[in-house]
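Computed from a predicted model, the values in this text were never measured in an experiment.
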Amino acid sequence: MQGYSRSNWLSNLDTEEIQSLQINASLPSSLTIFPPPITIGDVMDLLAGLNPQQQQALTAGPGPVLVLAGPGSGKTRVLTHRIAYLVSQLGVRPYNILAVTFTNKAAREMEARVEGLIGEVRGLMLGTFHSTCARILRREAQHLPFESNFVIFDSDDQVTLVRQICKELNLDDKTYRPHSIHNRISGAKNELILPEDFPILTYRDEIIQRVYQRYQALLLNSNALDFDDLLLYTANLLDANIEVRQTYARRFEQILVDEFQDTNMAQYRLLMHLASFHKNIFVVGDVDQSIYRWRGADYRNVLRFENDYPDSVVILLEQNYRSTQNILDAAMAVIEPNPNRTHKNLFTEQRGTGNKIVLTECFDGREEGKFIVEKIALSVAQEGREPGEFAVMYRTNAQSRLIEEAFIMNNLPYKLVGAQRFYGRREIKDVVAYLRLVHNPLDEVSLLRVINTPRRKIGGKTLADLHRRATQTGQAQTDILLDLAQHDAESAHTHAFTPAAGRSLTAFGALLAGWLDAAQDLSPMELMDLILEDIQYQDYLDDGTDEGVDRWENVLELRRVAAEYEQRDLGEFLEQLALVSDQDTIDETENVPTLLTLHAAKGLEFPVVFIAGLEDGTLPHQRSFDEPESMAEERRLFYVGITRAKDQLYLVHAENRMTYGYSEPTEPSRFLDDIPAELIDGLGHVRAGRPSRSVRQQYSWDAAASSSAAIIQPQYKAGMNVRHPSWGEGMVLNTHIDGGDEIVDIFFQDIGLKKVVAALAHLEIMDG
DNA sequence: AGATGAGCGGTTTTT
DNA sequence: CCGCTCATCT
């Protein structure tokens, strides 16, 4: 039923009309311009199914509200229901609501759920911090030192730029590693520290300040912003420009923030400015899930919020709707040792105690992969689980490789979360750089990337000449190229180059001129097609290897993404590309296991979760050892991983792990010691057996294969004590099905490890 | 200008 | 172990 509703009615109006109505509406008048607040059902419908704390959160306010939401406590539900409540019960116009999240995926999900509650909502400002800021900055560009068609530099571009500057300043890139300098710059930006205010304690700081200064200047030269700039410029604009601040502060009657514990200083200040007029700011967070300190996030913003708004309502959500009690108990035990936290009691009312947590020790990373894949295959084949119900999580991306290999070896499909994996590829970056250059010809990082890709005989010497010429004439490099193309040999610039170089540059300028011209009336995809054709990119990639073919496939994949932007302009397409997060690329329609980092897992849930690589040095990561605050964050990371699991949790560690090419023995993660033994299946540390020769035949989760496979149940369990007629007593370490037989690995007291075919070996079980 | 190979350094996590 | 930078050669 989409009857007469205020939101539907409003959706037909554009913003100017709404603003004029707003003025009218405030006039004393007998005329009712707005109908009374709509009632889609009534408030009871929105409250239904919510527990008392959730209900309190839903209707809290006016004024600041802080919701401390444990994992799985229904915070997304609270957020979405609250938006629905504001719109449908309090009559707040969607246009006057701002909701911010950290990923596009979270934003999309929120939008879908709000629409599910109250129908289509137009005008609501809902997005990530970064995309919201980009919107504001494009709109307010007249107050700012860049144009509204600015491009967003990704982390690669950012480091490239720093590297350029280091060269320019003749810095030794061993002592001044571009990555580390960029980190410092980024850290400063997150704290809203401008180059001139950069604190100088050492000589190194002085250098960094110089680079920072130059970095900002070059970004502006390129009409480009980096991720941090999006927040920084917006926060500073709101800080400095009272009019702009008032415009937005008055507009946003209601502000809602997800994952508040992961805000940094810039984001915090930004929010405070936006909320400065109405002060209706509703933030949801969990300090125990704060895992982005290295990116400037500061969970103390939660405390800061309480200080800045002493009258704020604080609501605690503890009841968990996701996990079994065993999983919650383990999670609590892991997080409890962290200092400076308030105890939260996670409990479930409907999920029950659940299975114990399975802890497994494998010989090395390879076996770890095999163990996981085998376990998944077995569950699919025997327990009727769907492949998509499984997730494998790890601390570092590098760990995914061995796990992937195990899947590939068994010819089983999986999906890997990680946008960087795709958008960081050379061929993708090339094509995107071409598009970016056409969108914003000032973008020198992109120009540099594409001007000689494919090879056009434009080398370092020629580029230096071009750069010098640009500096001398005060023109952009692109302008010189275009001028060469336009006047051919007659250009005023021609003499600045050798004849051969001049010809190459002129030819490239002509290409660029063509694209700039064509871009006016082409969709992003059409423009991409034109460029690919002009530069013969497919031929360039095709080097006769499989890799070349793969690369072209990736380009076609990007083309498919571009095709979705038929109705929108190039700028929007490029912005999306720059701001995709790893989570955003998760394809939920594919029914296969998910591989992802613990960071990427935040906010997600899976029936069965494997956490791999639980060793000291990996989780907690080595680089966190010396800093207590970092160790606490590693613990939170583990906590986040554990609390993703709904039904079953597997914790896996390897006795040996490859680092830098050679294998080293490891210690199990110290965090494992904090999980009470009674929550763990078996005796704790159980060695995984040798993997079966081929799990593929038995455990394939192709529907046909899994239903037709002859399935036998293992009769033995790890931890059992058994007696063999001739080898004596031993303990079962592992058991698996291979070729229709149950193979049991047994450690015999007298003779050591043996593999035994259960059906042939007359084993006697001595205990359960 | 561009292709090839030795040497090196590096790994956390990502909008 | 792998990917990247730099030097040397064609």
Worksheet item: Should A:Ser155 be listed as having a side-chain N or O under 4.0 Å from OP1 or OP2 of B:dT15?
Response: no
Fill in: Inter-nucleotide P distance (C:dC6, B:dT11), Å rounded
16 Å
Worksheet item: Out of B:dA1, B:dT11, B:dT15, which nucleotide sits closest to the side chain of A:Arg295?
Response: B:dT15
Worksheet item: Any sub-3.5 Å donor-acceptor pair from A:Asp364's side-chain atoms to A:Asn656's backbone N or O?
Response: no
Practice prompt. Please work out if A:Phe102 contacts a base, only the sugar-phosphate, or nothing of the nucleic acid, heavy-atom cut-off 4.0 Å.
Written response: sugar-phosphate
Worksheet item: Is A:Trp294 stacked on the base of B:dT13 when the test is centres under 5.5 angstrom and planes under 30 degrees?
Response: yes
Worksheet item: Heavy atoms under 4.0 Å, any strand shown: does A:Arg636 hit a base, just sugar-phosphate, or nothing?
Response: nothing
Item to complete: Rounded off to whole Å, could you give me the NZ-to-C1' distance for the A:Lys602 and B:dT15 pair?
Response: 11 Å
Practice prompt. Return yes if a side-chain donor-acceptor contact under 3.5 Å exists between A:Asn338 and A:Arg341, otherwise no.
Written response: no
Item to complete: Figure out the CZ/P separation between A:Phe227 and B:dT13, and round it to whole Å.
Response: 16 Å
Item to complete: Assign A:Asn397 to base, sugar-phosphate, or nothing according to its heavy-atom contacts below 4.0 angstrom with the strands shown.
Response: sugar-phosphate
Worksheet item: Is the closest side-chain donor-acceptor distance between A:Glu633 and A:Ser630 under 3.5 Å?
Response: no
Discussion item. Could you check whether A:Glu667 pairs with A:Arg657 (Lys NZ or Arg NE/NH1/NH2 to Asp/Glu carboxylate O, under 4.0 Å)?
Written reply: no
Worksheet, complete the sentence: Whole-Å distance, A:His182 NE2 to B:dT14 P, equals 16 Å
Worksheet, complete the sentence: Per atom distances to the A:Thr128 side chain, the nearest of B:dT15, B:dT14, B:dT11 is B:dT15
Worksheet entry | Rounded distance in Å - CD (A:Glu664) to P (C:dC1) | 14 Å
Shorter than 3.5 Å, N or O on both sides, protein versus nucleotides 2-5 of chain B: list them out with atom names.
| residue | atom | partner | partner atom | Å |
| --- | --- | --- | --- | --- |
| B:dG2 | OP1 | A:Lys457 | N | 3.2 |
| B:dG2 | OP2 | A:Asn452 | ND2 | 3.0 |

Discussion item. What I want to find out is whether A:Asp430 reaches A:Arg425 closely enough, with some N-O distance under 4.0 Å, to be called a salt bridge.
Written reply: no
Fill in: First encountered from the 5' end of DNA chain B, between A:Thr462 and A:Thr597
A:Thr462
Discussion item. Tell me the interatomic distance from A:Arg503, atom CZ, to B:dA1, atom P, rounded to whole angstroms.
Written reply: 14 Å
Discussion item. We want to know whether A:His439 and A:Asn149 form a side-chain donor-acceptor pair, criterion being a heavy-atom distance below 3.5 angstrom.
Written reply: no
Discussion item. Under 4.0 Å, heavy atoms only, any strand: does A:Arg177 hit a base, just the sugar-phosphate, or nothing?
Written reply: sugar-phosphate
Close N/O contacts between protein and nucleotides 5-10 of chain C (under 3.5 Å):
none

Worksheet item: How long is the line joining CG of A:Asp226 and C1' of B:dT14, in whole Å?
Response: 13 Å
Discussion item. Please report the distance, rounded to the nearest Å, between CG in A:Leu577 and P in B:dT15.
Written reply: 14 Å
Fill in: Donor-acceptor pair between A:Ser148 and A:Arg138 side chains, under 3.5 angstrom
no
Worksheet item: Is it the case that A:Tyr540 and A:Glu427 place a side-chain donor and acceptor less than 3.5 Å from each other?
Response: no
Item to complete: Locate the shortest heavy-atom distance separating A:Glu634 from A:Thr618; write the atom from each residue and the value.
Response: OE1-O, 4.3 Å
Worksheet item: Would you say the side-chain atoms of A:Ser581 and A:Asp584 include a donor-acceptor pair closer than 3.5 Å?
Response: yes
Item to complete: Let me know the distance between CE of A:Met658 and P of B:dG10, rounded to the nearest Å.
Response: 21 Å
Worksheet item: Phosphate oxygens OP1/OP2 of B:dT14: is one of them under 4.0 Å from a side-chain N or O of A:Ser581?
Response: no
